[in-house]
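Heads up: the structure comes next, in C-alpha cells.
As the structure is a prediction and not an experimental result, all values here were calculated from the model.
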Amino acid sequence: MAERVVTMAIGPLVSMLKDKASSYLLDQYKVMEGMEEQHKILKRKLPAILDVITDVEEQAMAQREGAKAWLQELRTVAYVANEVFDEFKYEALRREAKKNGHYIKLGFDVIKLFPTHNRVAFRYKMGRKLCLILQAVEVLIAEMQVFGFKYQPQPPVSKEWRHTDYVSIDPQEIASRSRHEDKKNIIGILVDEASNADLTVVPVVAMGGLGKTTLAQLIYNDPEIQKHFQLLLWVCVSDTFDVNSLAKSIVEASPNKNVDTDKPPLDRLQKLVSGQRYLLVLDDVWDNKELRKWERLKVCLQHGGMGSAVLTTTRDKRVSEIMGADRAAYNLNALEDHFIKEIIEARAFSSKKEKPIELVEVVDEIVKRCCGSPLAATALGSVLCTKTSVKEWKAVSSGTSVCTDETGILPILKLSYNDLPAHMKQCFAFCAVFPKDYKINVEKLIQLWIANGFILEYKEDSPETFGKHIFDELVSRSFFLDLEESKDYSGYYSSTCKIHDLMHDIAMSVMEKECVVATMEPSEIEWLPDTARHLFLSCEEAERILNDSMQERSPAIQTLLCNSDVFSPLQHLSKYNTLHALKLCLGTESFLLKPKYLHHLRYLDLSESSIKALPEDISILYNLQVLDLSYCNYLDRLPRQMKYMTSLCHLYTHGCRNLKSMPPGLENLTKLQTLTVFVAGVPGPDCADVGELHGLNIGGRLELCQVENVEKAEAEVANLGGQLELQHLNLGDQLELRRVENVKKAEAKVANLGNKKDLRELTLRWTEVGDSKVLDKFEPHGGLQVLKIYKYGGKCMGMLQNMVEIHLSGCERLQVLFSCGTSFTFPKLKVLTLEHLLDFERWWEINEAQEEQIIFPLLEKLFIRHCGKLIALPEAPLLGEPSRGGNRLVCTPFSLLENLFIWYCGKLVPLREAPLVHESCSGGYRLVQSAFPALKVLALEDLGSFQKWDAAVEGEPILFPQLETLSVQKCPKLVDLPEAPKLSVLVIEDGKQEVFHFVDRYLSSLTNLTLRLEHRETTSEAECTSIVPVDSKEKWNQKSPLTVLELGCCNSFFGPGALEPWDYFVHLEKLEIDRCDVLVHWPENVFQSLVSLRTLLIRNCKNLTGYAQAPLEPLASERSQHPRGLESLCLRNCPSLVEMFNVPASLKKMTIGGCIKLESIFGKQQGMAELVQVSSSSEAIMPATVSELPSTPMNHFCPCLEDLCLSACGSLPAVLHLPLSLKTIWIDGCSSIQVLSCQLGGLQKPEATTSRSRSPIMPQPLAAATAPAAREHLLPPHLEYLTILNCAGMLGGTLRLPAPLKRLFIMGNSGLTSLECLSGEHPPSLNEPQVYRSLWSLQITGCPAIKKLPRCLQQQLGSIEDKVLDAHYKVTEFKPLKPKTWKEIPRLVRERRQACRS
C-alpha cells in the first residue's frame, strides 16, 4: 500500500478569501470603486475552485505530483489575495474612522500615518494588484480543467458539536497498570544507587509513541521517588542538545530559577545540584550523538549528592550508548495486546452506552496494526469514534499501514490527521509554530487562530466559541494532551496544553517551511526562508537575529511570537506589514514599533513589558482584536483615542499597578468581550467613567479599581445597575470593586449583583474601614461561588449561605458572621478565611437558636488569623435530649474539614468539649469519637489561652484519626499532644519542655520532626530521659521512618541521663541541633548510628568543645569517620569549639562560622602544633611553601569537598590539606589564618619562586623559614570561586591563583603582597593559550600590599565586565596584535614584552 502523505488544507484558505471578497465593508465605503468588474469576476471564480478542492486534496494525499504542484500554487495565490483584501478592508475601516472624527483627533500626524491615503492613488495601486490576482486565478482554473479535477461537494462545517467526553479514559490509569513492572524495575535501579558516589544514568529506549514519557512521568511522580530524592527536575530536550541551553532549562525547571541569573548556565547548574541527591529526567533526547556535549553537561551534574541519577528517554540506541555508557539501556517493550484493545475501545466507544458486537469484532484486526503503541491505539480509537458502520471501521483498518521499525507509528498518526475536517487541519497544523513540549495557553491559541483567519465568523456563535469547540474536538482526538489549569499570583486563571512530539512532527510536515522555530541562535545564515509565515523566537538577542535576517530577506510573516526580552528597536519595519499576530516583551520604556506598518495586526501581546505608555497612533490599528498589556508594571496610561479601535474584543490590563485611568469612549468598543481591569480615574475629558461600560457584553474577569473616583455618588457602583443603567452588562467569572466607600448610599444594593448570572467571583475592596451597611442585605445569586471582602466597615452581613469560598480580611468592625433571620448553615462552603477581624467574637447574634443544622457540612479549609476577640469555634448542633448518663447527642460541624489554621487568636480555644459526637450519614447519624474525623493538617500559632486537647469521649479516644501534619507554635500553656496515629510531620516551636515526653507516640509514623522547646538554663537529670520509654522499646519491632529531625533546646536527647534512641533513626537524612547546652563533646555514638545522614547542622551550642581528652583516647587521625555518608556540614556560633571530628570522605559542603576558638577544620593535623607554636612566637617565621609542611595520611581529607565557607573563626591559624576537589572557597573575618595549603597527593609540587627573580626557592627547614614576603599559599587547581573578606592580617606573602577561576573577590587584606599564577610560569607567550579566560567577576579592594596584578590576569581585564579595582592598580589591558604590515610585528612583540616586564 502506498503511504499517503499529509497536506495542508487549502480549502479554508480559499474560503477565507471568498468571505473577505464578499465583505459588506467593501461596498459600504466604496473601496473597490473602479474595480467592480474584476471584483465580480473573482467572486464568481472562487466557488469554482472550491468545488474541486476536495478532489485535488485527495489526489495530493495519494502523491499525484500534478495535484500537489497545483495546490502549492493555489496556496501562494490565496495568501497574496488574502493580503490584498486585507488592504481593502483596512481602507474601509480607515474611512469609517475618518468619518467618525479620528483624523481630527490625530491632527497633523495623519500626514505621517497615511501618506498614501489619496483615493486615486489607492485605486491605481490596488487595481494593479487585483488584476494580477485575477490572472493567476484564471490560470489555475484553466489548469484545473486540464488535470480533470472533478467536482466534489465540500463537507459542510458542522455547527452541531458532538459531546467530547475526553476524560472518560484515563491514560495514566491504563499506563499505571500496563507499565507496572517497568516502573518497579526502574525505581529499584534508582533507589538502589543511594550509596553510589558516581552519577547514575538510566536510558529508556523505545520507538516513538510506545510510552517512554508516560513511564517517566509515573516514575517521577511516584511517592517513593518523591521521598528518596531531595530535588526533582524535568526537562524536555527534543531537537537540539545544546549544552548551555539545556543547562539553563534545567535550572529554570527548579525552584531556584531566579537565583544567580547573571552567571553562566553551567555554573548555575553546578551550584543547583551541588550536595543534593537529585533526579533529572531528560525527556526525548535524540540529538546527542557527540560524546563531548554529554561529557560537558555530565561534569556539572556529577556535583550532586550521593545517589543522584539521570533518567533519559530516547528513540535512538546510539544516544543511550553515549549517555549511559556504564549501564545497559532499559529497552521498553511493546504494550500487550489486551491493553491496546482496552485503549482503542475506550476511545472509540467513549460516548456510546453500548458496544455493538459487529464493531468490537473489527477491533482485534486493528490492534495488530498498532504494534503495541498506546499512542497509535489512542489515535485510531479517536478516528473510529466518529465512525458508526462496520464498513467505515473496516475502511480505517484496511487504510492503516502496520507499524514497523522503519516507519514507526507515523502512518497511523497521518491517518488520524487526514481524517480531520479541513478547518481543523489548518488549526492544528498552525501549532507547529510552537517548540516541542511547549506549554500552549489555550485561550491565546484560539485567539491566534482567529487572528490568522482560520476561524470564520458565524451568526450562531462567536469565533471564540467556535474555536473552543475546535479545540475540544482536537483534544478528544488526542491531538492535544496534558491539559492543566493554573492560577497566577494575581488570581487570573489560565489553561494550558501540550502536543505529543510525534504529533508535532505531523504538524511540521504539513506546514513545511511556513513555521520556523528558533530556541537558540540559528547557526545557518538562511534559517529564515522566504516561505516563512509563522515565526517563534525564544533565544537571546532575538532583535539582532531578526534584524540581520530581515535585511537580506522579505518573508510575508503573519505570526511573530518572541518569548525573550527585546531591548533595542526592530529594523526594516516596513517588512512587517503582513503581521496578523505579534508577541513582544519590550525591555524599554518606549514602544519600539511603528503602527503605520501594522495595519493588519489582529493580535498584540505586550505582557510583562517595561513600557510606560502606548503611542497615540496605535489607535490606527483598526483590525486589532486582542491587546494584552497584563503585568506591564510601569504602564500608567492608555491611548486617548482607543475608542476608534472598534474591532477590539479582548483587553487585558490586570497587573498594571501604575495604570491611572481608562481612556474615554469605551462604549464605542461594542465588540469588547474581555476587560480584566477597569481603573476609574479622576473625572475629566481624558478619563472614562464606569457608565461607559453600559451595553458592553463583557465576560471573563473584571476588576474595578479606584471606584472612589466615580464622579456621581448616586452611580451606585455596588449595584452595577441603577441610574447608570448597567443592567445589560454581562459580567462573568470575576469582579473586583475597590474603594467602595465612595458609594454614599447604604441602600446601594450590592445584592442586585445577583442579576449577573455569569458572575462567578466577586471582590469588594474598601481603602479604609468606615461606617457602612452596604452588605446588610447582600443576597448574591446561586451562581456566585467566591466572595472576597476587604476592609468592610459593617457589623454584620447578609446572605452568604450559597458561597463555595468566603474570604473576609480587615473587616475590623464585623462582630457576627450571621445576621438575624438568616440560615445558620452553609451547605456549599468549602473554604473560609477570616483575617484581621478585630471585633469578631461570635458566629451568630445572641439569642438566636441554631436548631438541628450542620453549620459547615462541606467545609474543607478553615483559616482564622488575628481575630483577638473570638473565643471558640462554632458549637456542634444539639440533636437530642441528654442521654447515656447525661451526655448530649451532638453532630460535628467539621465532618469534612481537612485543613485548619488558627493564628494569633489569644482568646480562642480551638477544641470545644464534645462528650458524644455524631456524624451525619444516610438514614440518620452514627457515633464517632472525633469532632474532626477528616482533619489532615492542623496549624496553631500564638494561642495564649489554649491549654489542652479536649477528649471526645471518656477514656483515650483518637481525637485526630486522619491527621498527617501538626504545627504548634507559641502556645505557652500547652503541655501535651493529642493522639494521631497517622501523623507524619510534627512541628513544635517555643513549646514547653514537658511536650517532649509525648513525642514517642508518633515515632512509628513521623517522617519530619521539628522540636524547638523553651530555653532553660539548667536541665535536671530527671528531664534528660529518652524520647523512647523503656516499655515502648520492648515493643519496638521496626526502625523509625524519620528522615528530618530539627532540635532546639532539647537537652533530653544528649544529657547524661538520656537513654540514646539513635539506633532507631536509621533513615534519618537531616539533623539540626540548636541551643543544646549539655552537648560538650562530639556525640560519636550518635554519628555512628545515623547511617543515612546526609546533612548535619549544629548551631548555638555554647558548651561544645570537641573530643573528650581521655588518656587512652586514640589520636584523631586514627578515629573512624562518622557519619560515613555525610555530604553537608554546617557549624555556627559554637564559641567553645576547639577541635573538629573526623569528617567523612563523602563530605561535599562545609560551612563553619562564629567558632572563635576553633584551631583546625579537619580534626588534629600533624604539623599544626608546630605551626601554632611558631606563629605565636613570631609572626615573621612561617613555612615558605606548602612543600615544607609534613606529609601525612591526613593529606587526603574530604576528596569530594567542593564548597568551603569559613567566617568569624579568629583562632584558626591555618587551613592545611585543602582537597583538590574544591570549587568554592569563602573566608570572612578569619584574620589569624597564615597558611593556605593544598593536598599534595595528585598535585605536582610547584617550585616556589620570588616575584622578582623567578628563580626556584628551595624548601628550607622550619627553623630557617623565610620572611613573610616570600611565603606562598597554594590553592586547589580546580578552584572556580574565591572570596576573602575582612581578614586584615591574614595570609602574608604570595597567593597563587588557579587558572579555572570564574570569580575572584578579595577585600580588606593587608597581609597579601602579591598574586601569581598557580603554575608559576611566565605570562603566556603570544602563541600560547591565555589563562583566566573563564573569569567573569573580579574585585580587589583594600589590599595595600598588593602593588599590581599578575601579568597573566592583566591580559584578561578587557574581557571581564564585572570588575571593581582600587585606583592604585596601574594595569595595562592587553589587546590583540593587529599589525598592518609584516614589518610591524617585531616592534609590536617588543612592546608586548616590555609591558610584561613592567
Side-chain angles (χ1 to χ4, degrees), residues 197-199 231 243-244 247 250-251 254 256 259-260 262-278 295-306 308 1094-1095 1126-1130 1143-1153 1161-1162 1186 1195-1207 1215-1228 1236-1243 1273-1285 1295-1306 1315 1317-1319 1331-1339 1353 1360 1362:
D198 297 327
L199 180 66
L231 178 66
V243 177
N244 285 310
I250 296 171
V251 174
S254 75
N256 299 330
V259 177
D260 297 329
D262 57 335
K263 292 184 178 180
L266 288 171
D267 292 349
R268 297 177 65 199
L269 174 59
Q270 180 175 316
K271 182 177 179 181
L272 172 68
V273 302
S274 289
Q276 296 203 70
R277 181 193 294 162
Y278 68 86
E295 289 297 333
R296 279 187 65 200
L297 185 68
K298 189 176 179 181
V299 166
C300 294
L301 295 176
Q302 285 175 329
H303 287 79
M306 294 181 65
S308 294
R1094 299 292 177 263
T1095 302
L1126 191 68
E1127 297 175 354
S1128 177
L1129 171 64
C1130 179
V1143 293
S1146 58
L1147 196 68
K1148 293 191 174 184
K1149 182 175 183 179
M1150 177 186 287
T1151 301
I1152 303 177
I1161 65 170
F1162 293 125
V1186 67
N1195 287 344
H1196 298 280
F1197 271 108
C1198 304
C1200 300
L1201 191 67
E1202 297 175 356
D1203 294 281
L1204 175 62
C1205 177
L1206 304 174
S1207 61
V1215 181
L1216 308 181
H1217 313 304
L1218 289 171
L1220 304 181
S1221 57
L1222 269 174
K1223 298 297 180 66
T1224 301
I1225 294 179
W1226 179 291
I1227 302 177
D1228 185 0
L1236 285 180
S1237 72
C1238 186
Q1239 292 178 0
L1240 301 180
L1243 177 64
H1273 310 278
L1274 303 184
L1275 296 173
H1278 306 296
L1279 193 70
E1280 298 177 352
Y1281 301 93
L1282 174 61
T1283 301
I1284 301 176
L1285 305 175
L1295 182 66
R1296 291 199 171 274
L1297 305 176
L1301 272 180
K1302 297 179 179 180
R1303 186 176 189 272
L1304 175 61
F1305 188 2
I1306 303 177
L1315 304 175
C1317 301
L1318 180 61
S1319 63
V1331 294
Y1332 301 125
R1333 280 186 171 182
S1334 301
L1335 195 65
W1336 58 269
S1337 179
L1338 173 65
Q1339 180 171 348
L1353 183 56
I1360 301 175
D1362 179 21

Nearest 0.5 angstrom please: Leu1338 CG to Lys1302 NZ, how far? 16.0 Å
N/O donor-acceptor pair under 3.5 Å between Arg1296 side chain and Cys1317 backbone: yes
Report the C-alpha distance between Asn244 and Arg296 in whole Å, list the side-chain angles of each, state the deciding distance to 0.1 Å, and finish with yes or no for side-chain contact (heavy atoms from CB on, under 4.5 Å). CA-CA 10 Å; Asn244 285 310; Arg296 279 187 65 200; 4.1 Å; yes
Measuring from atom CD1 of Ile1161 to atom NE2 of His1217, what distance do you get when rounded to the nearest 0.5 angstrom? 10.5 Å
For Ser1221 and Leu1201, indicate whether the former's side chain and the latter's backbone hold a donor-acceptor pair under 3.5 Å. yes
Whether the side chain of Thr1151 engages the backbone of Cys1205 through a donor-acceptor N/O pair (distance < 3.5 Å, no angle test) should be reported. no
Side-chain ion pair, Glu1202 and Lys1223, N-O less than 4.0 Å: no
Nearest 0.5 angstrom please: Leu1218 CG to Ser1237 OG, how far? 6.0 Å
I would like to know whether Leu266 and Val299 meet side-chain contact (heavy atoms from CB on, under 4.5 Å); could you show each step before the answer? CA-CA 9 Å; Leu266 288 171; Val299 166; over 6 Å; no
Could you tell me if Ser1337 and Asp1362 have a donor-acceptor pair between their side chains, going purely by distance under 3.5 Å? yes
Within the distance-only criterion (no hydrogens, no angle test), does the side chain of Ser1146 pair as donor or acceptor with the backbone N or O of Leu1126 below 3.5 angstrom? yes
Can you tell me how far apart CG (Leu1304) and CG (Leu1315) are? Round to the nearest 0.5 Å. 7.0 Å
Checking side-chain contact (heavy atoms from CB on, under 4.5 Å) for the pair Glu1280/Thr1224: CA distance, chi angles, key distance, verdict? CA-CA 6 Å; Glu1280 298 177 352; Thr1224 301; 5.8 Å; no
Yes or no on side-chain contact (heavy atoms from CB on, under 4.5 Å) for Ile1225 and Thr1283, after CA distance, side-chain angles and deciding distance? CA-CA 6 Å; Ile1225 294 179; Thr1283 301; over 6 Å; no
Closest non-hydrogen atom pair between Cys1198 and Pro1144, with its separation: SG-O, 4.1 Å
Going from CZ on Arg1333 to CG on Leu1301, what distance comes out if it is rounded to the nearest 0.5 angstrom? 16.0 Å
Please report the closest heavy-atom contact between Pro1298 and Pro1277, naming both atoms and the distance. CB-O, 3.5 Å
Do Tyr1281 and Asp267 get their side chains close enough for a donor-acceptor pair, meaning under 3.5 Å? yes
Main-chain N/O of Leu1297 paired to Tyr1332 side chain as donor or acceptor, under 3.5 Å: yes
Distance-only criterion, 3.5 Å: show the donor-acceptor pairs between side-chain atoms of residues 269-276 and protein atoms not counting sequence neighbours.
| residue | atom | partner | partner atom | Å |
| --- | --- | --- | --- | --- |
| Lys271 | NZ | Asp260 | OD2 | 2.7 |
| Ser274 | OG | Gln270 | O | 2.5 |
| Gln276 | NE2 | Leu272 | O | 3.2 |

Rounded to the nearest 0.5 Å, what separates atom CG in Leu1222 from atom SG in Cys1238? 8.0 Å
How close do Val243 and Leu297 get, counting heavy atoms only, and between which atoms? CG1-N, 4.2 Å
